[in-house]
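The structure under discussion appears below in the form of structure tokens.
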Amino acid sequence: MRLTVNARPPFSLSAVVGSHGWVRLAPFARDPDTGALVRVEQLDSGQVVALRIEEEADPGGAGSGVSVATEASLTEAEGQEVTDKVGWMLGLDQDLTPFYDLAREEPKLARMEERAQGRLLRSPTLFEDVVKTILTTNTAWSGTIRMAEALVSQYGAPLPGDPKRRTFPTPDRLAGTDEETLRAQARLGYRAPYVLALARDVASGELDLEALKDSDLPTVELRKRLLALKGVGGYAAANLLMILGRYDYVPVDSWALKMVSREWYGGEPVGQAEVEAAFERWGEWKGLAYWFWDWSDTG
DNA sequence: GGTAGACCTGGACGC
DNA sequence: GCGTCCAGGTCTACC
């Protein structure tokens, strides 16, 4: 079965997929031959399907959306669910025009509009993105990849016909495990109690993470909600705010400190304040300006 | 409000 | 092969 989902222009699937490292975290994957974004997903009906997402070019040649293929046939409701999830994952209705208007004047960002950059690849649920963001903290990227793969392979729902391919585990599934198992089998280390507490709070209904996706809360309040989650500090909250389409904060990690040091401080050590000051002029767009800054000439 | 130390893992390194 | 050191954010206790 094949669905077509339109995007607000400018749009480029490869720009979204290449926006950050999420595509390398299971169950996301990229087809090495075609570049298609693939992912196993469980629908509300319980059916587990493999999604294959490819650029859908308009007659003029410019990207105008994506096609989504599944081997299984879908009911109308399932098709709508897939459309909604893909729309969220790729940010298809996002309008970055105000940012592009500013970025055009900055040589380090000027090509973003032409390249249709600015959207960040997201997971279908905020729960998955919070878990993955926790898995990025205080570890090398290879560790994040390993931990995400472990969660999917050990707790995800299998794809019928190809059970090695699995979904990201639901909060219910993770809530049913325990800290020691997450430490010993998924090798989450000290992050295990954070992920477990998050899963149990979401599974019990005590925490409605998904409601934050379209929240009207001011960014400052939204940030407080995220910081209240165990394992989510300043960097993680800023990263999650970017995923939610709020760019008021810069996710300052060790890489950000290094790049800002080289770009503006001659290699002298800098702190969080210097990174924030470097992008202060971008106001509500400072996270995007930082994320897509062209560091290619930076020492 | 600011800071030091602990948390946990895997990889790099020296022996 | 083994032991040691280090990188990577967040939390907690303490000042």
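Letters go in sequence order (proteins before strands), and every chain restarts at 1.
- C:dG9 atom C1' lies 11 Å from atom CG of A:L257, rounded to whole Å.
- Listed nucleotides: B:dT9, C:dG8, C:dC11. Nearest to the side chain of A:R187: B:dT9.
- Computed from coordinates, the A:L135 CG to C:dG8 P distance equals 18 Å when rounded to whole Å.
- Side-chain proximity of A:A236 to C:dT10, C:dC11, C:dG8: nearest is C:dT10.
- For the pair A:S142 and A:R183, nearest-nucleotide mapping onto DNA chain B gives the more 5' position to A:R183.
- Classification of A:E179 and A:R191 as a salt-bridged pair fails, no side-chain N sitting under 4.0 Å from a carboxylate O.
- Rounded to whole Å, the distance from CG on A:N138 to C1' on B:dG5 is 13 Å.
- Picking from C:dG9, C:dT12, B:dT9 the nucleotide with the shortest atom distance to the side chain of A:R146 gives B:dT9.
- For C:dG9, the OP1/OP2 oxygens have no side-chain nitrogen or oxygen of A:T136 closer than 4.0 Å.
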- Task: Report the C-alpha separation of A:E149 and A:R146 in whole Å, then their side-chain angles, then the decisive distance to 0.1 Å, and conclude whether the salt bridge (charged side-chain N to carboxylate O under 4.0 Å, His left out) test is met.
- Result: CA-CA 5 Å; A:E149 175 59 34; A:R146 173 186 51 77; over 6 Å; no
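- When rounded to the nearest whole Å, the span between NZ of A:K258 and P of C:dA7 equals 11 Å.
- Summarising the geometry, the separation between NZ on A:K230 and C1' on B:dA6 is reported as 15 Å, rounded to the nearest angstrom.
- For the pair A:L198 CG and C:dC11 P, the computed distance is 12 Å after rounding to whole Å.
- A:T167 is listed as a side-chain neighbour of A:Q42, based on a closest heavy-atom distance under 4.5 Å.
- Atom pair A:Y194:OH and C:dG8:C1' shows a separation of 14 Å (rounding to whole Å applied).
- Between A:E106 and A:R281, at least one side-chain nitrogen of the basic residue sits less than 4.0 Å from a carboxylate oxygen of the acidic one, meeting the salt-bridge criterion.
- Contact annotation for A:G231: backbone-only contact, meaning every heavy-atom pair under 4.0 Å involves sugar-phosphate atoms and none involves a base.
- Along DNA chain C, the nucleotide nearest A:L227 and the nucleotide nearest A:S254 are compared for position; the residue whose nucleotide lies closer to the 5' end is A:S254.
- Atom P of nucleotide B:dG11 and atom CD1 of A:I145 are separated by 11 Å, given to the nearest angstrom.
- In this structure, A:K224 pairs ionically with A:E221, as a charged nitrogen and a carboxylate oxygen lie closer than 4.0 Å.
- Applying the 3.5 Å distance criterion, the base of C:dG9 shares a donor-acceptor pair with the side chain of A:Y190.
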